[in-house]
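Let me begin by presenting the structure, written as structure tokens, before commenting on it.
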Amino acid sequence: FFASILLYVGLENGFGYFTESLFTLELGAVSLGAYAISAYWASMALSRLLFGLLPIKPERALVACLGVSGALFLALWLLKLPVPALVVCALIGFAFGPVWSSLMNLAAARCPGSSGGAMGLMSAGCGLGGALFPALMGVISARLNLRAAFLLLAVAAAIAALLSLFAARQTKIESKG
């Protein structure tokens, strides 16, 4: 789950740092950039509340939410109109809601008796993802363009979904074995 948390926090930070630029430079909607970021965070908070109350298995929530976020990032990459892009930003936030807690839950469950060590590794993944993605998106934006940096987020979300699926399956196999 280390790679998944690295990618997830990278997605979260990359989105947070570059969304206002996307609205300003690519969508021509300077005033909507801040609203998009606010909608993203508000939707994420609502989603975390709802998923916290629902009896959903973290493996399923994790893979589904990362997969959906990948599709939403792809839509954001393709969109040319600011209002639909604002809606997609809110939906990305909602999709991200259960991801962090699900990853932490599964990592702790995978390491019974040493969950502290697992949390240390997960925290390191958070820090690395948070440091790498904004820098990587900046390089991609400078060398290619800002939209290409958002395509990176779509690809990273899809990879995180696949890694989480494989890690969850491995955890199930080990617990049965």
Side-chain angles (χ1 to χ4, degrees), residues 3-54 56 58 60-104 125-165:
S4 294
I5 197 77
L6 185 150
L7 291 170
Y8 168 69
V9 173
L11 291 165
E12 194 177 276
N13 283 348
F15 179 90
Y17 284 112
F18 284 88
T19 297
E20 193 163 9
S21 296
L22 178 73
F23 276 82
T24 300
L25 302 173
E26 297 288 332
L27 299 173
V30 175
S31 63
L32 292 183
Y35 291 116
I37 294 169
S38 293
Y40 163 79
W41 286 110
S43 295
M44 187 185 302
L46 176 63
S47 176
R48 286 182 174 167
L49 176 66
L50 290 174
F51 275 92
L53 297 173
L54 297 173
I56 296 175
R60 289 186 179 159
L62 179 62
V63 174
C65 289
L66 285 169
V68 167
S69 71
L72 290 167
F73 276 120
L74 189 60
L76 186 61
W77 173 66
L78 293 169
L79 285 170
K80 305 283 189 218
L81 298 172
V83 173
L86 178 97
V87 171
V88 168
C89 289
L91 293 173
I92 290 169
F94 194 85
F96 275 176
V99 173
W100 191 87
S101 59
S102 294
L103 280 167
M104 292 303 193
C126 290
L128 287 171
L132 291 175
F133 267 69
L136 187 56
M137 287 182 72
V139 169
I140 291 170
S141 294
R143 298 244 164 111
L144 299 172
N145 59 52
L146 186 56
R147 286 197 179 268
F150 275 84
L151 181 58
L152 167 71
L153 297 180
V155 171
I159 292 169
L162 288 172
L163 289 172
S164 296
L165 176 65

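Predicted model only: the values in this text are computed from it and were never measured. We use all heavy atoms of the structure for the numbers below, so side chains are in, but hydrogens, waters and symmetry mates are not.
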Next on the checklist: Any non-hydrogen side-chain atom of L76 less than 4.5 Å from a side-chain atom of L22?
Outcome noted: yes
Checklist entry - Side chains of S47 and P98: does their closest heavy-atom pair fall under 4.5 Å? => result yes
Checklist entry - Can you list every pair that meets salt bridge (charged side-chain N to carboxylate O under 4.0 Å, His left out) and has a residue in residues 9-20, with sequence neighbours left out? => result E12-R48
Next on the checklist: Quick check on the 6.0 Å ring-centre criterion: do Y8 and F96 meet it?
Outcome noted: yes
Checklist entry - What pair of heavy atoms forms the shortest contact from A95 to V68, and how long is it? => result CB-CG1, 4.2 Å
Next on the checklist: S21: which residues meet the side chain to side chain contact (heavy atoms under 4.5 Å, CB included) condition with it, sequence neighbours left out?
Outcome noted: L25, L146
Item to check | Residue F51 excluded, over 12 heavy atoms near CZ under 6.0 Å | outcome: yes
Item to check | Sequence neighbours excluded - side-chain hydrogen bond (donor to acceptor under 3.5 Å, both in side chains) pairs with any residue from residues 69-87 | outcome: none
Checklist outcome for this item: Hits for side chain to side chain contact (heavy atoms under 4.5 Å, CB included) against A148, two or more places apart or cross-chain, chain-then-number order -> I140, L144, N145
Item to check | L136 side, atom CG; L153 side, atom CG - distance, nearest 0.5 Å | outcome: 9.5 Å
Checklist outcome for this item: Here the pair of heavy atoms bringing F18 nearest to S141 is CE2-OG, 4.1 Å
Next on the checklist: Give me the atom names and distance for the closest heavy-atom approach of F23 to A36.
Outcome noted: CE1-CB, 3.4 Å
Checklist entry - Looking at residues at least two apart in the chain, or sitting in another chain, which of them share a side-chain hydrogen bond (donor to acceptor under 3.5 Å, both in side chains) with S164? => result S4
Next on the checklist: How close do I5 and C126 get, counting heavy atoms only, and between which atoms?
Outcome noted: CG1-SG, 3.5 Å
Checklist entry - So which pairs with a foot in residues 147-161 pass side-chain hydrogen bond (donor to acceptor under 3.5 Å, both in side chains), sequence neighbours left out? => result E26-R147
For residues 81-93, which side-chain donor-acceptor pairs fall under 3.5 Å, sequence neighbours excluded?
none

Checklist entry - Can you list every pair that meets salt bridge (charged side-chain N to carboxylate O under 4.0 Å, His left out) and has a residue in residues 132-142, with sequence neighbours left out? => result none
Checklist entry - Tell me, which pairs form a salt bridge (charged side-chain N to carboxylate O under 4.0 Å, His left out) where one or both residues lie in residues 64-79, sequence neighbours left out? => result none
Item to check | Any donor-acceptor pair under 3.5 Å from T19 side chain to F15 backbone | outcome: yes
Checklist entry - So how far is it from L165 CG to L62 CG, rounded to the nearest 0.5 Å? => result 9.5 Å
Checklist outcome for this item: Here the side-chain hydrogen bond (donor to acceptor under 3.5 Å, both in side chains) pairs for residues 81-104, sequence neighbours left out, are none
Next on the checklist: Is there a side-chain contact between L32 and L27 in this structure, where contact means two heavy atoms from C-beta onward sitting under 4.5 Å apart?
Outcome noted: no
Next on the checklist: Listing request: all salt bridge (charged side-chain N to carboxylate O under 4.0 Å, His left out) pairs with a residue in residues 125-145, at least two apart in sequence or in separate chains.
Outcome noted: none
Checklist entry - Sequence neighbours excluded, which residues qualify as ring-ring contact (aromatic ring centres under 6.0 Å, His included) partners of F94? => result none
Checklist entry - N13 versus M137: any side-chain heavy-atom pair under 4.5 Å? => result no
Checklist outcome for this item: Heavy-atom closest pair (A3 atom, L163 atom, distance to 0.1 Å) is CB-CD1, 3.7 Å
Checklist entry - What pair of heavy atoms forms the shortest contact from I56 to A61, and how long is it? => result CG2-CB, 4.0 Å
